[in-house]
Q: 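One structure follows; several queries about it will come next.
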Amino acid sequence: MRTTEYLLATQKESPAEAEIISHKLMIRAGLVRKLASGLYTWLPSGLRVLNKVAAIVRDEMNKAGAIEISMPVVQPADLWQESGRWEEYGPELLRIKDRHERDFVLGPTHEEVITALIKNEVSSYKHLPLNLYQIQTKFRDEVRPRFGIMRSREFVMKDAYSFHLGDESLEQTYQRMHQAYCNIFERIGLEYRPVIADSGSIGGAVSHEFHVLADSGEDDIAFSDASDYAANVELAEAICTDARPGATQALEKVATPDAKTIESVAEQLKVNQTKCVKTLIVKADEESEYDFVAIVLRGDHQLNDIKAVKHPLVASPFQMADEQAVEKTLGCKFGSIGPVGLDLPILVDRSAATCADFICGANEDDFHYVGANWERDVSDFEVVDLRKVIAGDASPDGKGTLQIRKGIEVGHIFQLGDKYSKAMGCGVLDESGKHQILKMGCYGIGVTRIVAAAIEQNHDDYGIKWPQAIAPFEVAIIPMNMHKSHRIMETALKLYADFIAENVEVLFDDRKERPGVMFNDMELIGIPHSIVIGERNLDNNQVEYKNRLTGEKTLINIDEVLAFVTNQ
RNA sequence: CGGUGAGUGGCGCAGCUUGGUAGCGCACUUGGUUUGGGUCCAAGGGGUCGUAGGUUCAAAUCCUAUCUCACCGACCA
């Protein structure tokens, strides 16, 4: 490809709204352009990358025994009514009407369509298991599209759905997909982690997310420094094996004027925050006889509301209590609440439960207790895992300690069970001629998101540093002053022809531009290899090779260029 | 949905308080200059000032409504 016949579309400045580096670079490098909120046009360079990612995904899916199909973007509403998601899904599901006033949706995912398909097409256990996938555009009407392609409304996703007669078969395919996903991210060349995930509202027992590690990620991932254990922080178990020391102090009420936070309490009493516990009041489940539930955490720990909401006493969805309502019931403000003498169900985090001689609110404004102890001063409470894990915690699998990194979710696999197949009556006849509802798995990869995630993980001050496997071009030819020098033009044209003949994806910068402009553009776009042709080196029958990833520069003989680059 | 802010040429912005010829940088076109890291000089082209209504002799500027977008939060997986 010649730059003069191409839509390079690089820019010096990025739009003001671009927040994260991948968004800025995707605009500047001419990969995408925004059409409207959350909607992007893919320019030639961007599409090349996207297609490469898709090709790797497709290849690994095929190898793992999945079969490609393509389903419609527009889906009839009655399928969604059948599965119950017409009501469940909420405003993220874009609903449209056709000319006959019939309801349709723009597909955010395809469980309904595929389940309806299999229900009609497969009627015998002999045809199972089956794993079908597509790489296709999805639409989710996100509340707040942001970070460019990272969270857009329209995006490309690979979604696979597997069907099984029993859990064992489902488990096998699930493991196979897990491995295929690892292969995909290895091949693309990204630092990633499969993490144990919350299966959320979709239900089902087992679920893993695949995260690309990058500081701009929206999720916190906890992983062991000594084993394969990795989990979303929302889910990572906080274990606490410490035994609680015996009480040595008497309970004593002290004045703590205006101390409304753990920091100020710790400061006023000149103790470490770990000596304090904090008591949070949350709304109780409607079935409960209480309005509120008290949650006690060690002073330096944070509540994990995903864990809390799983407790039967806690209202779902999770809601913090209103301070005025609490003051009315308990007679003091948030900052002075404590478990001692508290007439509410008390859930104590495992770590807080091992505190002795601790400090807590006295349920009286501007007063705290010191020397409080479980059992002796608070008799009725339940110990639960409630806090967010922090770096340095012991790994739940008993090996090593946890580290926390930010991750970008690029894949998610679920064992769905029979949620959709049951709702839609999708089953087959088994060996004994009995109708059986199928088990399903579903496996998603955000293809467009991978492009952004790859940039988040691979860039420098000059621009994108594509992993070789997904770079828009493999090599750039950068001639110096070609339009004034016959020798240079001849060399450039010859190299260009050689690369094309060898099927090397080459971008030949034949613009009448200054060298600096070309260097900057090629580095911005992130082409892994460059060949710089200049008069100086041509005298020795040489050109300069530059590696975008390592920054390495070497002089090589013209005759060896092709072999040199293809060997890299 | 709540809070905050912004809509002026393709991109980034000034002008608005105090109404009076729409401006700057980048990009683009032409000529010259320069040529191993975003040269310099000169001359050009391009804008219903988000939209609608109002006030006024006169509105980018003041008033009202409305739309869109962004950021923070909530929500969502």
Side-chain angles (χ1 to χ4, degrees), chain A residues 7-20 23-24 27-28 30 33-39 41 43 85 88-94 108-109 111 138 140-148 150-151 153 155 157 159 195 197-204 207-211 217-219 232 234-235 305-306 317-320 407-414 416 442 444-446 449 461-463 478-485 488 509 511-524 530-539 542-546 551 553 555:
Chain A
L7 185 59
L8 206 55
T10 53
Q11 286 182 182
K12 276 190 186 171
E13 288 181 282
S14 44
E17 77 248 21
E19 284 286 299
I20 59 172
H23 188 192
K24 289 180 185 168
I27 301 288
R28 289 223 293 132
R33 287 291 182 268
K34 186 167 87 168
L35 177 65
S37 179
L39 302 175
T41 297
L43 299 178
R85 289 209 289 184
E88 271 175 37
Y89 218 94
E92 210 169 278
L93 181 64
L94 185 65
T109 174
E111 280 86 1
K138 300 271 187 286
R140 291 184 191 169
D141 201 358
E142 291 281 349
V143 191
R144 185 144 98 80
R146 60 183 140 174
F147 304 144
M150 197 75 86
R151 187 175 285 269
R153 293 195 289 178
F155 56 98
M157 186 168 168
D159 48 326
V195 308
D198 187 12
S199 45
S201 57
I202 294 187
S207 168
H208 284 85
E209 289 171 350
F210 287 77
H211 283 260
E218 292 187 88
D219 291 288
N232 197 310
E234 291 172 349
L235 215 70
D305 56 358
I306 308 266
F318 179 86
Q319 251 185 308
M320 293 297 292
I408 300 167
E409 183 187 343
V410 289
H412 202 160
I413 59 179
F414 297 88
L416 285 178
C442 83
I445 284 189
R449 188 180 273 190
D461 291 346
Y462 299 103
I478 308 177
M480 304 286 97
N481 303 311
M482 179 176 75
H483 296 271
K484 290 256 174 80
S485 162
I488 290 183
D509 200 345
R511 291 175 298 173
K512 200 174 170 180
E513 280 290 357
R514 293 176 54 79
V517 175
M518 298 197 220
F519 287 138
N520 280 310
D521 273 347
M522 296 303 122
E523 277 161 9
L524 176 60
S530 301
I531 302 297
V532 183
I533 306 171
E535 287 282 357
R536 266 191 247 148
N537 297 320
L538 222 47
D539 290 339
Q542 286 180 318
V543 294
E544 183 184 284
Y545 163 82
K546 277 178 66 176
K553 296 180 184 178
L555 290 174

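In what follows, chains carry the letters A, B, and so on, assigned in the order in which the sequence lines appear, proteins first and then strands, with residues in each chain numbered from 1.
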Q: Find the partner of B:U17: check Watson-Crick (N1-N3 plus N6-O4 or O6-N4) and G-U wobble (N1-O2, O6-N3) distances, both under 3.5 Å, and reply none if neither fits.
A: none
Q: Considering only atom C1', compute the distance from B:G5 to B:C26 and round it to an integer number of Å.
A: 25 Å
Q: Whole angstroms only, please: what is the NZ-C1' distance between A:K512 and B:U39?
A: 15 Å
Q: Can you check the distance between B:G47 and B:G9, where both ends of the measurement are the P atom (answer in whole Å)?
A: 11 Å
Q: Using a cut-off of 4.0 Å on non-hydrogen atoms, how would the nucleic acid contact of A:K34 be classed: base, sugar-phosphate, or nothing?
A: sugar-phosphate
Q: At 4.0 Å (heavy atoms only), tell me whether A:E142 reaches a base, stays on the sugar-phosphate, or touches nothing.
A: nothing
Q: Assess whether side-chain contact (heavy atoms from CB on, under 4.5 Å) is satisfied between A:D159 and A:K138, documenting all intermediate values.
A: CA-CA 10 Å; A:D159 48 326; A:K138 300 271 187 286; 3.0 Å; yes
Q: Sticking with atom C1', work out how far B:G54 lies from B:C11, rounded to a whole angstrom.
A: 34 Å
Q: Can you tell which of B:U39, B:G36, B:A77 lies closest to the side chain of A:E409?
A: B:A77
Q: Rounding to the closest angstrom, what is the interatomic distance between B:A6 and B:C40 at atom P?
A: 34 Å
Q: Would you check if A:Q11 and A:R33 make a side-chain contact, meaning some heavy-atom pair closer than 4.5 Å?
A: yes
Q: With side-chain contact (heavy atoms from CB on, under 4.5 Å) as the test, would you mind laying out the steps for A:I445 and A:F210 before giving the verdict?
A: CA-CA 9 Å; A:I445 284 189; A:F210 287 77; over 6 Å; no
Q: Where each residue is assigned the nucleotide of RNA chain B containing its nearest heavy atom, which of A:E17 and A:G516 is assigned the position nearer the 5′ end?
A: A:G516
Q: Could you work out the separation of B:G23 and B:G31 based on their C1' atoms and round it to a whole Å?
A: 26 Å
Q: For a quick check of understanding: with a heavy-atom distance under 4.0 Å over all strands, which category does A:E523 fall into, base, sugar-phosphate or nothing?
A: base
Q: Would you mind pulling out the nucleotide paired to B:G45, Watson-Crick or G-U wobble, both distances under 3.5 Å?
A: none
Q: Which nucleotide in the set B:C11, B:G37, B:C13 lies at the smallest distance from any side-chain heavy atom of A:P15?
A: B:C11
Q: Between B:A59 and B:U21, how far apart are the P atoms? Round to whole Å, please.
A: 11 Å
Q: B:G7 pairs with which nucleotide, Watson-Crick or G-U wobble, both distances below 3.5 Å?
A: B:C67
Q: Among B:G36, B:G12, B:G38, which is the nearest nucleotide to the side chain of A:V532?
A: B:G36
Q: For A:K12 and B:G25, give me the distance from atom NZ to atom C1', rounded to whole Å.
A: 10 Å
Q: When we call it a touch if two heavy atoms are under 4.0 Å apart, what does A:N537 touch: a base, just sugar-phosphate, or nothing?
A: base
Q: Grab the two heavy atoms, one from A:M150 and one from A:R449, that are nearest each other, plus how far apart they are.
A: O-NE, 2.9 Å
Q: Taking atom P of B:A27 as reference, at what distance in whole Å does atom CZ of A:R33 sit?
A: 15 Å
Q: For A:L416 and B:A77, what is the distance between atoms CG and P respectively, to the nearest whole Å?
A: 14 Å
Q: If we take the P atom in both B:G50 and B:G7, what is their distance in whole Å?
A: 8 Å
Q: What is the pairing partner of B:G37, taking Watson-Crick or G-U wobble pairs with both distances under 3.5 Å in any strand?
A: none
Q: Counting heavy atoms from C-beta on, name the nucleotide in B:C71, B:G36, B:G12 closest to the side chain of A:E19.
A: B:C71
Q: Just one of A:E409, A:H208, A:E209 clears the side chain to side chain donor-acceptor pair (under 3.5 Å) bar with A:N232, so which one?
A: A:E209
Q: Can you tell me the distance, in whole Å, between the CE atom of A:M482 and the P atom of B:G36?
A: 16 Å
Q: Considering just the side-chain nitrogens and oxygens of A:S37, establish if one lies under 4.0 Å of OP1 or OP2 belonging to B:A70.
A: yes
Q: By nearest atom, which of the nucleotides B:G38, B:A77, B:C72 is closest to the A:R146 side chain?
A: B:C72
Q: Across all strands, who's sitting opposite B:U55 as a Watson-Crick or G-U wobble pair, both distances under 3.5 Å?
A: none
Q: A:E13 has a side chain; which of B:G12, B:G36, B:U34 sits nearest to it?
A: B:G12
Q: Check the pair A:E513, A:D521 against side-chain contact (heavy atoms from CB on, under 4.5 Å), reporting the backbone distance first and the verdict last.
A: CA-CA 11 Å; A:E513 280 290 357; A:D521 273 347; over 6 Å; no
Q: Should A:M157 and A:R140 be marked as a side-chain contact (heavy atoms from CB on, under 4.5 Å) after you check the CA-CA gap, both sets of side-chain angles, and the distance that decides it?
A: CA-CA 12 Å; A:M157 186 168 168; A:R140 291 184 191 169; 4.2 Å; yes
Q: Tell me: CZ of A:R514 to C1' of B:C40, nearest whole Å?
A: 9 Å
Q: Who does B:A74 pair with, Watson-Crick or G-U, both distances under 3.5 Å?
A: none
Q: Atom CD of A:E92 and atom P of B:C1: how far apart are they, to the nearest Å?
A: 15 Å
Q: Specify the separation, in whole Å, of atom CZ of A:R511 and atom C1' of B:G37.
A: 13 Å
Q: For A:E142, enumerate each residue passing the side-chain hydrogen bond (donor to acceptor under 3.5 Å, both in side chains) test, keeping only those at least two apart in sequence or located in another chain.
A: A:R151
Q: For A:E513, report the nucleic acid contact type (base, sugar-phosphate, nothing); a contact means any heavy atom under 4.0 Å.
A: nothing
Q: B:G73 and B:U56: how far apart are their C1' atoms, nearest whole angstrom?
A: 43 Å
Q: Which base, if any, makes a Watson-Crick or G-U wobble pair with B:C24, both distances under 3.5 Å?
A: B:G12
Q: Closer to the 5' end of RNA chain B via nearest nucleotide, is it A:K484 or A:Q11?
A: A:Q11
